[in-house]
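Each remark here refers to the structure printed beneath this line.
Both backbone and side-chain heavy atoms feed into the values below; hydrogens, waters and symmetry mates do not.
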Amino acid sequence: MELEIKDMSTDAIIQKDIISNAITNDEYIKLFSSIPHWKGLIPVEWADTVLSACVAFYKKYKTAPKKQYILDYLNQNQKEFRFSDGVLPSMLEFINGIEEKAINPAFEIDNTLLYLKRRALAKTKDRIEAALDADNVQLAEDALKEGKPSKQDEVEELDVLNMDDALQEATSVNEEPLITMGGAFGELVCPHIKTGKFVFFLATAKAGKTWCLYTLASMAYNSGR
């Protein structure tokens, strides 16, 4: 599938931004490199190839590769790629047209994560429906299980908002927190986020730890602290 540049849908705009930001923005590719599962989720034939090159470049040089490196990489290795006919020229045209622009990396990575999660759920849904259409219940169950935590990943869920008074008193702090977030969760967590402190988050798999941490990281970035 080619990436349409004109009259793009919202998803196509997000796809374009993911690829452009990964190529041009140091902070964005730093954050993107920490995402564990993204391959196969962007329905552009060459997206995994380009993004893998960006991630590999960042891990080695700690900076975004910029478009000239990606163009050179693609030109030098084009015989190794198995793209459909006509894809390589359109891909090179797209990358040539990328312009560096000022972005908010935390905001962009939030959009990326939401998009990837939605794509992953859509792919799981399609696999389940296809398996059920083929009357293959086992295959449908296997697809469903891939989206659930395995036994070794499961941990006992703690109701941290209903701890007893003694534990609350033992973990209380009086210094001003680095980040202030509203609500019960903010009242519980933010007082412990201080310079020099080690804070860990414990919850069941898929409970939202990653989203929480990205939210806190975004708030810290935007606050300049």
If you compare all heavy atoms of [X] against all heavy atoms of [Y], which two are closest, and at what distance to 0.1 Å?
X	Y	result
Tyr58	Asp26	CE1-O, 4.3 Å
Leu92	Leu71	CD2-CD2, 3.8 Å
Thr24	Ser20	OG1-O, 2.8 Å
Asp48	Gly40	OD2-N, 2.9 Å
Phe57	Ala64	CE2-O, 3.6 Å
Ala22	Tyr28	N-CD2, 3.5 Å

Exercise. Would you say the side chains of Gln15 and Asp11 form a donor-acceptor pair under 3.5 Å?
Worked result: no
Problem set entry | Side-chain heavy-atom pair Tyr115, Asn111 within 4.5 angstrom cut-off |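 Counting from C-beta outward, Tyr115 and Asn111 never come under 4.5 Å.
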Problem set entry | Worked check of side-chain contact (heavy atoms from CB on, under 4.5 Å) between Met91 and Leu74 | CA-CA 10 Å; Met91 173 180 60; Leu74 294 171; 3.9 Å; yes
Gap separating the [atom1] atom of [X] from the [atom2] atom of [Y], nearest 0.5 angstrom:
X	Y	atom1	atom2	result
Asn75	Tyr73	CG	OH	12.0 Å
Ile19	Ile42	CD1	CD1	6.0 Å
Arg127	Asp142	CZ	CG	8.0 Å

Exercise. Would Lys66 and Asp72 pass as an ion pair if we require N to O under 4.0 Å?
Worked result: no
For this session: Would you confirm whether Ser34, through its side chain, and Leu31, through its main-chain N or O, come within 3.5 Å as a donor-acceptor pair?
Result: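 Checked: pair present.
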Exercise. Do side-chain atoms of Lys67 reach the backbone of Ile23 as a donor and acceptor pair under 3.5 angstrom?
Worked result: no
Problem set entry | Residue Asp135 excluded, over 12 heavy atoms near CG under 6.0 Å |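 No, CG of Asp135 has 12 or fewer neighbouring heavy atoms, counting only those of other groups under 6.0 Å.
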